[in-house]
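Okay, structure first, notes after.
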Amino acid sequence: MLKIYNSLSREKQTFTPIEAGKVRMYVCGMTVYDFCHLGHARVMVVFDMVSRWFRTSNYDVTYVRNITDIDDKIIKRANENGESIGALTQRFIDFMDEDSAKLGIIRPDIEPRATTYIDDMITMISTLIEKGHAYLASNGDVFYSVRSFANYGKLSGKSLDDLRAGERVEVDTHKKDVMDFVLWKAAKPNEPNWPSPWGNGRPGWHIECSAMSASLLSAHFDIHGGGQDLQFPHHENEIAQSEAAHNCKMANYWMHNGFVRVDDEKMSKSLGNFFTIREVLKKYDAEVVRFFILRAHYRSPLNYSDMHLDDAKASLTRLYTALRGREVSTNIIDWNHPQAARFKEAMDDDFNTPEAMAVLFDLANEVNKTGAVKTATLLKNLGGVVGLLQRDADAFLQGEIISISSSITEGADISVGHIETLSIDDETDVSLLYARDMETIDQLIDLRIEAKKAKNFVEADRIRKELADSGIILEDTPQGTTWRRT
RNA sequence: GGCGCGAUAGCAAAGCGGUUAUGCCGCGGCCUGCAAAGCCGUUUAGACCAGUUCGACUCUGGUUCGCGCCUCCA
């Protein structure tokens, strides 16, 4: 029995799909005018985890995540760059796809772009005008009349009379009510525009999600998700638009993921305290970032720092170490296994991934104790349910990139420090770090083994120290010497 | 001013009205030539004040502190 915390009711509720066995989910995606930051990474990872869990639970999932490819910031940025809006948005969509692929995100089933749904938006706005929920202002903009929608504020718990509109932003004098929001903006010079019954213009931000979700998932669907900061006004406005236009409930469950923070402050563009995904991936393995996100509950705030990422890396290393050197097959999960059952119970409890991770660690402990292949298999497969632990353990522990060149030259004294230290700066691709010569490492390991055989422990320890200084940790096991990167 | 969320050990982070969360770090032991990894054990908890209860980290009320939304934001 899956339970979801519903922002609408502010409590955990048993999930009941509209149509048996099917889940229709819409998540607000990115506005593509810049690189994605860790906040975006969290939305992507969280709802990827959610859709994966629904699929694991045998639901037929339709997951839609939109792309906002027309808005003020995009227009502004394109002008600044002197490039077309299409070129700008495509570029950042490509970057987003790269980032999300690295984070192990399964692509949503549909990723609609706002600009390809203009007709649906116009139709919807017309309906809202007909029904008296929207009006054409004297400046050519079309506004939604918030007072016309009785339930306005039900999602965010806001009361129209308590909102302090205009306190931080100049109020548009064309509005009937200060809280009214724009559905259609009349064309301005040098801005992209589309023809409409109200003249040329472009859609407001909120209407796109209402139009696309209705088009792709129908007027009434199961889950609507997004970052907490979208709860008001964006999601509140979506409800007002959709429910007024369609005369039915929009989404049964509203899910909001918590913020990523830096020094206990929300990471955001406006505060300038954000880290882009690609920036972080230069220093940390993408799976470490994914694990970092999943080891916290999706609704909790998540503080970002190098220290926390280091911690996450050490933890994930423990999991992969347990899997190392074991013949693990990918097969069906036996959900009757006590730990699998505990994992399922945790996931069913509003996607409690921290508890699910704890199960993984308990399994790792069991694997380390017993070496049971069955347990290791369960560990890997349960990890796979949330998109973790699917790589070869050595690939994770040693890095995947093959060497660039051998630093051992013919006849040279191999015992002298010949493993150069690579410095990391913004331009350094992390793959260069992985590129350190594996062959050299193997040769040094062989030399050390010879030294050990000769009981020359001073030399053996010196080689080990030398490698350690280069970030290579040696581990002597009954099966031989293995290594991993720090 | 309105509304909402949170406060758990050195750090991170869950569940739970009574029984080991979990991970990292620290300490002791085993293992090892020595390490590392692993295993075993172990030190650090529940902001503060009341109340309910046989019993509260867990429920209720209050206090303090922190965060968020009320503009664009994932």
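Order of the sequence lines fixes the chain letters, A, B, ..., with proteins taken first and strands second; residue numbering starts at 1 for each chain.
A cation-pi contact, defined as under 6.0 Å to the ring centre and within 45° of the axis, is absent between A:K452 and A:F457. A cation-pi geometry, defined here as NZ or CZ lying under 6.0 Å from the six-membered ring centre and within 45° of its normal, holds between A:K266 and A:F259. Stacking of A:K158 on the aromatic ring of A:F232 is recorded, both the 6.0 Å distance cut-off and the 45° axial limit being met. A cation-pi arrangement, defined by a distance under 6.0 Å to the six-membered ring centre and an angle within 45 degrees of its axis, is present between A:R299 and A:Y5.
When the side-chain nitrogen and oxygen atoms of A:N365 are compared with OP1 and OP2 of B:C40, one or more of them lie within a distance under 4.0 Å. A close approach under 4.0 Å does occur between a side-chain nitrogen or oxygen of A:R318 and OP1 or OP2 of B:G38. Regarding contacts with the backbone of B:G68, every side-chain N or O of A:R299 stays at 4.0 angstrom or more from both OP1 and OP2. Contact check, A:K269 against B:A74: no side-chain N or O comes under 4.0 Å of OP1 or OP2.
Side chain of A:F232, nearest nucleotide from B:C67, B:C11, B:C69: B:C69. Here the nucleotide nearest the side chain of A:P354, chosen from B:A14, B:C11, B:G2, is B:A14. Of the candidate nucleotides B:C72, B:G23, B:G68, B:C72 has the atom nearest to the side chain of A:S270. The A:R484 side chain lies nearest to B:A37 when the options are B:A37, B:G68, B:C11. Proximity note for A:E355 (side chain, C-beta onward) versus B:A37, B:A74, B:A21: the nearest is B:A21. Of the candidates B:C3, B:C67, B:G23, B:C67 carries the atom nearest the A:R261 side chain, counting heavy atoms from C-beta on. Listed nucleotides B:C3, B:A21, B:A74 differ in distance to A:N257; the shortest reach to its side chain belongs to B:A74. Comparing B:G2, B:C40, B:C72 by their closest approach to the side chain of A:D162 singles out B:G2. Listed nucleotides: B:C70, B:A74, B:A12. Nearest to the side chain of A:D229: B:A74. Residue A:K369 has its side chain nearest to B:C40 when only B:G38, B:C11, B:C40 are considered.
The CG atom of A:D311 lies 9.0 Å from the OG atom of A:S305; values are rounded to the nearest 0.5 Å.
A:E208 and A:N66 are linked by a side-chain donor-acceptor pair at a separation below 3.5 angstrom, with hydrogens and angles left out of the test. The closest side-chain donor-acceptor pair between A:T31 and A:D71, if any, does not fall under 3.5 angstrom.
Residue contacts shown for A:R295 are limited to sugar-phosphate atoms, with no base heavy atom under 4.0 Å away. Among the atoms of the strands shown, base atoms are found under 4.0 Å from some heavy atom of A:H37. Counting any heavy atom pair closer than 4.0 Å across all strands shown, A:M44 reaches no nucleic acid atom. At the heavy-atom level, A:D311 lies under 4.0 Å from base atoms of the strands shown. Within the nucleic acid shown, A:V359 has no heavy atom closer than 4.0 Å to any nucleic acid atom. Using a 4.0 Å heavy-atom cutoff across all strands shown, A:K73 reaches at least one base atom of the nucleic acid. Contacts of A:S300 with the nucleic acid, taken as non-hydrogen atoms under 4.0 Å apart, involve only primed sugar atoms and P, OP1 or OP2. Across all strands, A:D264 comes closer than 4.0 Å only to sugar-phosphate atoms, never to a base (heavy-atom distances). In this structure, A:G29 reaches the sugar-phosphate backbone alone: every heavy-atom distance under 4.0 Å involves primed, P, OP1 or OP2 atoms, never a base.
Distance, A:K266 NZ to B:A74 P: 9 Å, rounded to whole Å. The CG atom of A:L271 sits 13 Å away from the P atom of B:A74 (whole-angstrom rounding). Taking atom OH of residue A:Y33 and atom C1' of nucleotide B:A74, one finds them 11 Å apart after rounding to whole Å. The distance from atom CD of A:E236 to atom C1' of B:G2 is 15 Å, rounded to the nearest whole Å. Here the P atom of nucleotide B:C72 and the CG atom of A:D71 are 11 Å apart, to the nearest Å. Summarising the geometry, the separation between CD on A:Q339 and C1' on B:G15 is reported as 14 Å, rounded to the nearest angstrom. One interatomic measurement links the two molecules: OH of A:Y298 to P of B:G6, which rounds to 13 Å at whole-angstrom precision. Atom CE of A:M347 is separated from atom C1' of B:U22 by 16 Å (rounded to the nearest Å).
A salt bridge links A:E355 to A:R342: one of the charged nitrogens lies within less than 4.0 Å of a carboxylate oxygen.
Secondary structure note: stems in RNA chain B built from 3 or more consecutive Watson-Crick or G-U wobble pairs under 3.5 Å occupy B:1-7 with B:64-70, B:10-12 with B:22-24, B:26-30 with B:38-42, B:47-51 with B:59-63.
Taking a 6.0 Å sphere around NZ of A:K154, one finds it holds more than 12 heavy atoms contributed by other residues, nucleotides or ligands. Heavy atoms of other residues, nucleotides or ligands lying less than 6.0 angstrom from NZ of A:K188 number more than 12.
In this structure, A:S159 and A:D349 both approach RNA chain B, and ranking their closest nucleotides by distance from the 5' end singles out A:S159.
Here the separation of B:A47 from B:U42, taken at their C1' atoms, is 27 Å to the nearest Å.
The salt bridge (charged side-chain N to carboxylate O under 4.0 Å, His left out) with A:D34 is formed by just one residue from the set A:K269, A:K76, A:K73; it is A:K269.
By the 30° and 60° cut-offs, the orientation of the rings of A:H308 relative to A:F292 is parallel.
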Every protein N/O lying under 3.5 Å from an N/O of nucleotides 31-35 of chain B:
from	atom 1	to	atom 2	distance (Å)
B:G33	O6	A:R448	NH2	3.4
B:G33	N1	A:D461	OD1	2.9
B:G33	N2	A:D461	OD1	3.4
B:G33	N2	A:D461	OD2	2.7
B:C34	O2	A:R464	NH1	3.4
B:C34	O2	A:R464	NH2	2.3
B:C34	N3	A:R464	NH1	2.8
B:C34	N3	A:R464	NH2	3.4
B:C34	N4	A:D476	OD2	3.2
B:A35	N6	A:D476	O	3.1
B:A35	N1	A:D476	N	2.9
B:A35	N3	A:R464	NH1	3.0

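A donor N or O paired with an acceptor N or O is not found under 3.5 Å between the base of B:C24 and the side-chain atoms of A:K313.
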